[in-house]
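Working notes, structure below.
One-based numbering along the sequence shown.
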Amino acid sequence: MDRDELLPTQREWLIMDALWDSDDRPTSSEILGRIDEAAKLDARTERVLLHHLCRKGLLGYAVDEHDSRVYHYYPLRTREECLREKSEDFINTYFRGSSGLAAASLLKNAKFTDEQLKELEEILKGRKDGDRE
C-alpha cells in the first residue's frame, strides 16, 4: 500500500473520531451509536470500514472475554498523527508540496472571527520566534 492508502478516508474518519473521543474500547454497535446522526452509516458499511482501518494499521481490536463474536476497538494512531499526515498529503497533492502556498490559499479564502485571527497571529509569532533560535 502506498502512503495515501494508509490514511483514513472521509467516511473512515467518522469512525476514528468516535474512537478518539472515547475513553473506552467500544464495540462496533457502540461506535455506530456515537457517529453523528447526519453522517450515519449502516452496520454493514461500518463493519467494512472497521476492517479497512484495521488493515491500514489505524485500529486494533480485542476479542470480548465473554463473547468471542464481539470485538472492542481502539485507535493505534492519534488524531494529531493522522491530521499531520492528511495535511501533508493535501499540501503535496494540491499545492505541489508548498506549505506556504497552501496556507496563503486557505487564509485568503476563509472567514475568521477576531478570536481565530488572534490565535493565528500567535501561531505565526511563535513560528517566527522559533525560527530565530
Side-chain angles (χ1 to χ4, degrees):
M1 275 190 228
D2 70 30
R3 182 176 168 199
D4 57 331
E5 290 176 345
L6 298 175
L7 298 173
T9 65
Q10 187 174 357
R11 295 183 89 191
E12 291 168 347
W13 200 275
L14 296 171
I15 291 171
M16 295 300 294
D17 261 340
L19 287 162
W20 287 321
D21 292 340
S22 177
D23 291 331
D24 57 356
R25 292 182 170 196
T27 64
S28 61
S29 60
E30 291 169 337
I31 294 168
L32 201 55
R34 295 174 186 181
I35 294 175
D36 181 34
E37 197 61 42
K40 277 293 185 201
L41 305 169
D42 64 60
R44 184 174 188 282
T45 300
E46 183 203 28
R47 282 192 304 274
V48 169
L49 294 175
L50 286 167
H51 174 75
H52 288 175
L53 287 165
C54 288
R55 196 181 83 239
K56 290 177 177 184
L58 297 168
L59 284 187
Y61 63 88
V63 178
D64 189 278
E65 60 187 51
H66 303 293
D67 186 346
S68 62
R69 297 170 298 171
V70 176
Y71 294 18
H72 295 272
Y73 294 92
Y74 53 92
L76 295 173
R77 311 267 306 282
T78 66
R79 177 182 275 130
E80 292 73 24
E81 288 172 317
C82 289
L83 280 172
R84 184 176 45 255
E85 290 179 18
K86 284 291 249 187
S87 296
E88 288 172 9
D89 185 60
F90 177 76
I91 290 167
N92 289 333
T93 300
Y94 297 103
F95 297 95
R96 297 183 186 163
S98 172
S99 299
L101 184 58
S105 177
L106 293 170
L107 289 170
K108 285 178 188 174
N109 295 303
K111 291 181 172 53
F112 297 103
T113 65
D114 288 341
E115 185 178 314
Q116 290 169 328
L117 285 171
K118 183 175 173 148
E119 184 179 343
L120 286 169
E121 288 170 353
E122 289 173 11
I123 291 169
L124 289 172
K125 184 179 180 327
R127 290 296 307 259
K128 189 174 181 182
D129 292 344
D131 290 344
R132 290 184 186 151
E133 295 174 4

Test side-chain contact (heavy atoms from CB on, under 4.5 Å) applied to Leu107 - qualifying residues, sequence neighbours left out: Phe112, Leu120
Arg79 with Asp17: basic N within carboxylate O range, under 4.0 Å: yes
I'd like to know whether CD of Glu119 has more than 12 heavy-atom contacts from other residues, nucleotides or ligands below 6.0 angstrom. no
Please tell me whether Phe90 and Met16 are part of a single hydrophobic cluster in this structure, the criterion being side-chain heavy atoms less than 4.5 Å apart. no
NE2 on His72 to CD on Glu30, rounded to 0.5 Å: 7.0 Å
Can you give me the closest heavy-atom contact between Ile31 and Pro26, atom names plus distance? CG1-CG, 3.7 Å
Any chance you could measure Arg84, atom CZ, to Glu80, atom CD, to the nearest 0.5 Å? 8.5 Å
Distance check, rounded to the nearest 0.5 Å: Glu81 atom CD versus Leu58 atom CG? 9.5 Å
Which heavy atom of Cys82 sits nearest to which heavy atom of Arg77, and what is that distance? SG-CB, 4.0 Å
Rounded to the nearest 0.5 angstrom, the CG-CZ distance for Leu19 and Arg25 is 10.5 Å
On the 0 to 90° scale, with breaks at 30° and 60°, tag the Trp20-Trp13 ring pair as parallel, tilted or perpendicular. perpendicular
Treating Ile, Leu, Val, Met, Phe, Trp and Tyr as nodes and any side-chain heavy-atom pair under 4.5 angstrom as an edge, say whether Leu76 and Tyr71 lie in one connected cluster. no
Gap separating the OG1 atom of Thr93 from the NZ atom of Lys86, nearest 0.5 angstrom: 9.5 Å
Determine, stepwise, if the pair Leu41 / Arg11 fulfils side chain to side chain contact (heavy atoms under 4.5 Å, CB included). CA-CA 9 Å; Leu41 305 169; Arg11 295 183 89 191; 3.2 Å; yes
Does atom OH of Tyr61 have more than 12 heavy-atom neighbours from other groups under 6.0 Å away? no
Donor-acceptor contacts under 3.5 Å from residues 43-52 side chains, at least two apart:
from	atom 1	to	atom 2	distance (Å)
Thr45	OG1	Asp42	OD1	3.0
Thr45	OG1	Asp42	OD2	3.1
Glu46	OE2	Leu32	N	3.3

Other residues, nucleotides and ligands only: do more than 12 of their heavy atoms fall within 6.0 Å of CG on Asn109? yes
Are Leu83 and Leu14 grouped together when hydrophobic residues (ILVMFWY) are joined by side-chain heavy atoms under 4.5 angstrom apart? yes
In Å, rounded to the nearest 0.5 Å, how long is the span from OG of Ser28 to OH of Tyr73? 5.5 Å
Hey, is the main chain of Ala18 close enough, under 3.5 Å, to the side chain of Ser22 for a donor-acceptor pair? no
Same cluster (ILVMFWY, side-chain, under 4.5 Å), Leu6 and Tyr74: no
